[in-house]
Amino acid sequence: MYTDTISAISTGLGEGGIGIVRLTGPQALPILHNIFRTPGGKRKARFESHRLYYGRVVSGGDAGGELLDEVMAVYLAGPRTYTREDMVELNCHGGVVPLERVLNLTLQQGARLAEPGEFTLRAFLNGRIDLAQAEAVLDIVRSKTGPGLEQALGQLAGNLSKRIAAVRQGLLSSLAHLEAMIDFPEDDVPPASVAPQLLQTQAELEKLLATADAGIIYRQGIRAAIVGVPNVGKSSLLNALLRADRAIVTPIAGTTRDVIEETVNLRGVPVVLVDTAGITATEDVVEALGIERSRQALSSADLLLPVLDSSRELGPGDLELVEAVRGELFRESGKKACVILNKSDLTPQVVGPQRVEELLPGVPVVRISAMTGERLDELEETLARLALGGQNVATHSVMVTNERHRRALARAGEHLQAAIMASEAGLPADFVSIDLRLAMDSLGEITGESVQDSLLKEIFENFCIGK
Ligand SMILES: Nc1nc2c(ncn2[C@@H]2O[C@H](COP(=O)(O)OP(=O)(O)OP(=O)(O)O)[C@@H](O)[C@H]2O)c(=O)[nH]1
Ligand SMILES: [Mg+2]
C-alpha cells in the first residue's frame, strides 16, 4: 500500500453536467472531513462508506472560509474500491474553474496530483486487477465500435487472463512433472513423457494467438486511403460511407486539396477513411502538395481503395494509379486493396475491367454509385472482410486485441516449441524445464506477474490523468 494520497479531476476537461474530483490514499477521508460542510455549514462527524452526501466544499477549514462549490461527496472505504485504498469522490458542478479550485484545495490539504493512469496503476499494484485487465480499462475508454468495447469489457472481466492462466497451468504441471524427474532420477521417466501434454498446451496457445489478427483490428482499426484521379468521386465515397456531408463535392476536378480523415464503423471494424486529392499532373502548387500527400496516404494505409470512374474510358492516370497500388501491395505483403468502380448509375464505359484485374490479380472489384448509394452495402461487407484478413470472426469469443500481448504469446510459443524439441530429442529434464520457465515468464508479462517497471510506465502513461 502507498503512503501518499493522490487527487485528480477524473472527468473530461471542459464544461459538463458534473465534474468529479477523485482521491485515493490514506489521507482521502481526513481531507474530506476538512473541506466538506453540511448545508447547515457544519463539519460532519462521520462519513459512512459508499453513501452520497450533499453539501459544500469550503476552503479555510474550521475558520469558515470561502465556498468553492456545492457538491455530492462519497467516501469509499478500502478495500472495496477501484484502487483497494480509501477513496473519495467529489461530484462538483462541471466546469473548469470550480473543478480546478476544488482540486487545488485537495492539493493544499496534502494530496499530490495524480500521474496519468495512477488510479488504475494502484488497482494493479494492490492486486485488484492484473495487467491485462488494467490495459482493458484504457481500451474501454478508447473503444470505437461495439465489438471493440465488448472485447475490452470481457478483458476487464478477466476473460483473457483466464485463458492465459489455463495455458500457464498446462506449463506448470509439465514443469512439476519434470522437477520430480530431476529430484528423483532413479524413477527414470524420460522427459519425452511430458511431450503430449506440452503439445496440448501448445495447441491451446496457438488457438489464442490465432485470434490476434482480427482482435487487434477490432481494437485499433485500420487506415484506408481513397485514391484516384480527379473527379472520380473519392469525396462522394467518403461522404457516402460516413453518411454525412463531410467533404466538399463539386464537378470541378481538383476539388479536394488536402487530406481529410474520418473514422467510420464498418461492421464493427473501426476504419479511418482518408480522402485524398486526385492524383494528376499539375502546375498548381497547392494541388501538387495535395497530391504529394495522397501518395503518402497511399504508403501509410493498410487498405488501398483505388477509385475509377466507370462511366469513362480508363485514362493513363487511372492505369498509373493502379500500377502504384500494385507497387504498394508488392512492397508490403500485409496490405489489402479493393478496386472501386464508381458511378454505376451512369452508362458504363469500363465494361469488363480486365486491364485492372490483370494488373491487380486477386483484388476484389466492387461496382458502386457513391451518388445513389447503390451496392454500398456490398462494399462495406467487402471492406470489413478485407480488414479482418478474410476471416470469419466470432467477436463474442475471447480475442487477443493487443500487440504487446501478441508478442508475448508468440515468445511463449517459441520457448514452448524449444521445450518440445528438447523433450522429443530425449535431452535431460533440466533442458526442457529451462525453456518452460521462459515460456511461463513470457505469459507472465501479459498478466503482469513478471513485468519491468519501464513497461508499466510505458503502459500507464497512455492513460488520462484521473483514470
Ligand atoms: N452520376 C454520378 N456522379 C457522381 C458519383 N460520385 C460522384 N459523382 C459526381 O462526380 C463529381 C466529382 O465528385 P467528387 O466526389 O468531388 O470527386 P473527387 O474524386 O473527390 O474529386 P477531386 O477531389 O476533385 O479529386 C461530382 O459532380 C459528383 O456529384 C456517382 O456515383 N454517380
Ligand atoms: Mg475530392
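Indexing begins at 1, ligand by ligand and atom by atom, following the structure's order. From a predicted model like this one, the values you see are computed outputs, not experimental measurements.
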Between [X] and [Y], is there a side-chain N and carboxylate O pair less than 4.0 Å apart?
X	Y	value
E380	R243	yes
R367	E374	no
E381	R385	no
R411	E445	yes

(message) Is it the case that atom CZ in R257 sees more than 12 heavy atoms from other parts of the structure closer than 6.0 Å?
(response)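 More than 12 within 6.0 Å, yes.
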
(message) For Q200, is the CD atom crowded, meaning more than 12 foreign heavy atoms sit under 6.0 Å from it?
(response)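 No, CD of Q200 has 12 or fewer neighbouring heavy atoms, counting only those of other groups under 6.0 Å.
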
Could you tell me whether [X] approaches ligand 1 through its side chain, its backbone, both or neither, with non-hydrogen atoms closer than 4.0 Å?
X	value
A253	backbone
T255	both
T256	both

(request) Might you point out which heavy atoms bring T145 and V269 nearest each other, and give the distance in Å? (result)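 Smallest heavy-atom distance, with atoms named: CG2-C, 4.0 Å.
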
(request) State, to 0.1 Å, how close L303 and A337 come at their nearest heavy-atom pair, and which atoms those are. (result)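 Looking at all heavy atoms of both residues, the closest pair is CD1-N, 4.0 Å.
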
Is it true that the side chains of [X] and [Y] contain a donor and an acceptor less than 3.5 Å apart?
X	Y	answer
Y75	E89	no
D345	T372	no
Q133	Q155	no
T24	E85	yes

How far is [atom] from its nearest protein heavy atom, and which residue and atom name does that atom have?
atom	result
atom 28 (C) of ligand 1	V249 CG1, 3.6 Å
atom 10 (O) of ligand 1	K343 NZ, 3.0 Å
atom 15 (O) of ligand 1	S236 OG, 2.5 Å
atom 6 (N) of ligand 1	N342 ND2, 3.1 Å
atom 26 (C) of ligand 1	T250 O, 3.5 Å
atom 3 (N) of ligand 1	M371 SD, 3.7 Å
atom 12 (C) of ligand 1	N231 OD1, 3.0 Å
atom 25 (O) of ligand 1	K234 NZ, 2.8 Å

(request) Could you tell me the separation between the CG atom of L388 and the CD1 atom of I217, rounded to the nearest 0.5 Å? (result)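 Going from CG on L388 over to CD1 on I217, the span is 6.0 Å.
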
(request) Mind checking the CD1-CD1 spacing from I164 to I446? Nearest 0.5 Å is all I need. (result)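 One gets 3.5 Å once the value is rounded to the nearest 0.5 Å.
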
Ligand-side contact atoms (ligand 1) for residue partner [X], heavy atom cut-off under 4.0 Å:
X	value
S235	15 (O), 18 (P), 20 (O)
G278	25 (O)
L346	1 (N)
P230	25 (O)
D345	1 (N), 2 (C), 30 (C), 31 (O), 32 (N)
S369	30 (C), 31 (O), 32 (N)

(request) Report yes or no: is the cationic atom of R22 (NZ for Lys, CZ for Arg) under 6.0 Å from the centre of the six-membered ring of Y82, at an angle within 45° of the ring normal? (result)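 Satisfied, under 6.0 Å and within 45°.
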
(request) Please state whether I252 comes within less than 4.0 angstrom of ligand 1, counting heavy atoms only. (result)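 Yes, that is the case, since the closest heavy atom of the residue is under 4.0 Å from the ligand.
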
(message) Measuring from non-hydrogen atoms of G254 to any atom of ligand 1, is the shortest distance under 4.0 Å?
(response)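 The answer is yes, since G254 has a heavy atom less than 4.0 Å from ligand 1.
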
(message) For the Mg ion (ligand 2), which protein N/O/S atoms fall under 2.8 Å? Skip waters.
(response)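 Less than 2.8 Å away from the Mg ion (ligand 2) sit S235 OG, T256 OG1.
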
(message) With respect to A370, determine whether any N or O atom, backbone or side chain, lies less than 3.5 Å from an N or O atom of ligand 1.
(response)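 Yes - when backbone and side-chain N and O of A370 are compared with those of ligand 1, one distance drops under 3.5 Å.
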
(message) Using a 3.5 Å cut-off on N or O atoms only, is I368 in polar contact with ligand 1?
(response)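 It does not: no N or O of I368 is found under 3.5 Å from an N or O of ligand 1.
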
(request) With sequence neighbours excluded, tell me which residues meet ring pair (Phe, Tyr, Trp, His ring centres under 6.0 Å) with F460. (result)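 Checked F460 against ring pair (Phe, Tyr, Trp, His ring centres under 6.0 Å); matches are F463.
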
